[in-house]
Protein chains: 2
Amino acid sequence: MSRSDEHEQEFLAAYDPRAFPPFAVTVDVVLLTVREGRLCVLLVERDTHPFRGGLALPGGFVQADEDLDTAAVERLENETGVRRDVAHVEQLGAFGDPHRDPRMRVVSVAYLVFAPDLPAPRPGSRVRSVQWVPVEDVDAARLAFDHDAVLAAGVERARAKLEYSPVATAFCGEEFTVAELRHVYEAVWGVPLDPRNFHRKTTGTPGFLVPVGSPAPVGPGGGRPAALYRRGSAALLHPAMLRPQRED
Amino acid sequence: MSRSDEHEQEFLAAYDPRAFPPFAVTVDVVLLTVREGRLCVLLVERDTHPFRGGLALPGGFVQADEDLDTAAVERLENETGVRRDVAHVEQLGAFGDPHRDPRMRVVSVAYLVFAPDLPAPRPGSRVRSVQWVPVEDVDAARLAFDHDAVLAAGVERARAKLEYSPVATAFCGEEFTVAELRHVYEAVWGVPLDPRNFHRKTTGTPGFLVPVGSPAPVGPGGGRPAALYRRGSAALLHPAMLRPQRED
DNA sequence: CAGGTGCTCGTCACTCTGACGACAACCTAC
DNA sequence: GTAGGTTGTCGTCAGAGTGACGAGCACCTG
């Protein structure tokens with residue numbers, strides 16, 4: 001397409017800051033895992049202005065030629081060592097309150113990541129420490145920026161998503177038992193589930209679990225050894241696995 | 001918090017374009033409605049570079065002090081006259097491919113809006129025409145930017161959302177019949193539904209529909225007059241209303 | 001070997017659903 | 001007014017899915 005004078009004018013006008021106010025764009029990652037039966041989120045202690053010393057979700061600025069998804073995975077890998085292929089990554093949404101960052105106008109694109117229990121993360125640049133915090137124990141009022149709202153959205157999305165998709169397997173290793181998967185559901189939903197009905201449901205839903213031919217593994221503290229499964233090919237669970245609804 | 005020299009330096013550093021590359025941020029609106037039994041989307045014919053003459057979703061740049069949600073509703077109202085209170089508005093997600101806009105780096109936050117059948121929209125500024133297009137008839141390859149992907153995400157989100165939430169009522173007027181609501185489901189899902197089972201399901205799900213005390217209205221071309229309902233207070237449908245699954 | 005633990009399979013009552021019959025309440029045509 | 005068409009609403013029934021268990025299996029430790 002040849003560029004006429006008219007187009008050239010419009011092209012240049014695109015850089016008029018009055019018409020197109022400049023934003024910074026960041027990614028923030030809600031990285032969830034299940035540790036010791038509890039749903040945990042990865043938080044970093046900031047070492048830079050603003051909110052120095054405060055807790056925040058890992059994340060950072062998107063570079064000029066970087067895709068949003070790539071930026072999220074990149075920041076994640078740099079700060080925690082989580083490789084993309086052992087985790088589930090999905091976009092959570094955009095957060096763009098005009099005053100969410102005191103420095104400047106920032107729109108943050110939040111990502112939700114599920115990973116199995118991982119080796120201890122190491123602090124990256126501009127960060128004092130990195131820690132897993134049970135989501136129940138997070139003091140929302142102490143989180144930097146609007147990360148309390150981002151975290152809440154991530155946890156709620158996770159709870160809903162376990163119902164109709166097989167993503168819970170992303171919290172487990174490559175191979176896992178039905179009980180391990182059940183512990184994931186129990187930790188995310190915060191309710192106990194009947195082992196027998198859970199077993200019937202998960203093994204009976206087509207495409208959810210694929211039995212691993214190899215024999216059953218050891219049992220840690222006694223009990224019949226469990227069969228191993230891998231994640232199946234289904235993208236959606238039919239029928240869905242509904243969490244028990246609290247009665248009023 | 002007093003601002004030390006150190007903080008001041010960091011504060012100023014925030015405006016270094018090498019560290020914080022400038023983005024433009026836009027909102028794009030997937031406005032869906034049901035007209036003549038078909039799910040339709042509002043598209044505008046662009047009158048400006050780039051994609052002049054091409055079809056696109058309505059939308060525009062977010063202003064410097066404007067909230068994202070506000071910006072979406074504002075552009076929507078300006079271009080179509082849809083008031084926020086007669087429609088359902090939710091964020092769809094962020095689209096930020098580095099080359100989605102040939103002019104500059106743009107991140108677009110897409111919004112999904114459901115509205116009842118509306119009076120004909122009027123073209124706004126920088127727009128040649130505004131038209132309702134059945135989503136089945138949209139030529140995805142001719143849409144500007146990545147609006148084909150945005151539209152596809154919006155339609156898929158709408159289809160999924162009808163299952164577990166009462167948002168389908170947003171496609172109807174203040175008061176509506178069960179049949180009108182059923183036509184919405186049929187148009188969005190593209191499948192016929194059994195009127196008797198649909199009636200049992202919708203009137204039986206707690207919080208979905210509230211009968212209007214006033215007597216039944218007229219029937220247009222014959223048939224027993226239908227009872228009128230308003231939207232109930234439920235935010236989620238329990239149990240969900242699952243769309244019939246295609247068999248393979 | 002006894003008893004504990006956790007895995008897996010069964011049973012049963014209940015709810016929800018899809019498919020359909022039947023009647024009610026309106027219309028228009030004759 | 002009566003016949004016949006159209007749409008709304010209520011009922012029925014068989015089958016699938018679920019919650020709440022019981023019970024046996026396969027490992028452990030003492």
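Numbers restart at 1 for each chain; the letters A, B, ... are given by sequence-line order, proteins then strands.
- Using a 4.0 Å cut-off between a side-chain N of Lys or Arg and a carboxylate O of Asp or Glu, Glu163(B) and Arg243(B) qualify as a salt bridge.
- Distance CZ (Phe176(A)) to P (dG6(C)): 20 Å, rounded to an integer number of Å.
- Contact annotation: His199(A) reaches the phosphate of dT8(C) (side-chain N/O to OP1 or OP2, under 4.0 Å).
- Asp28(A) has a carboxylate O that lies under 4.0 Å from a charged side-chain N of Arg100(A), or vice versa, which qualifies the two as a salt bridge.
- Residue pairs meeting the salt bridge (Lys or Arg N to Asp or Glu O under 4.0 Å) criterion with at least one partner in residues 193-210 of chain B, sequence neighbours excluded, are Asp194(B)-Arg196(B).
- In this structure, Leu181(A) atom CG and dT8(C) atom P are separated by 12 Å, rounded to whole Å.
- Ion pairing between Asp148(B) and Arg142(B) fails under the 4.0 Å rule for side-chain N and carboxylate O.
- Summarising the geometry, the separation between CG on Leu237(B) and P on dT15(C) is reported as 20 Å, rounded to the nearest angstrom.
- In this entry the distance linking CZ of Arg224(A) with C1' of dC27(D) reads 9 Å, nearest Å.
- Using a 4.5 Å heavy-atom cutoff, the side chains of Leu32(A) and Leu112(A) are in contact.
- Between the CZ atom of Arg182(B) and the P atom of dT9(D) there is a distance of 10 Å, given to the nearest Å.
- Here Phe198(B) and Tyr185(B) bring their ring centres to under 6.0 angstrom of each other.
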Per-nucleotide protein contact string for nucleotides 17-22 of chain C (B base, S sugar-phosphate only, - none; heavy atom under 4.0 Å): BBBBB-
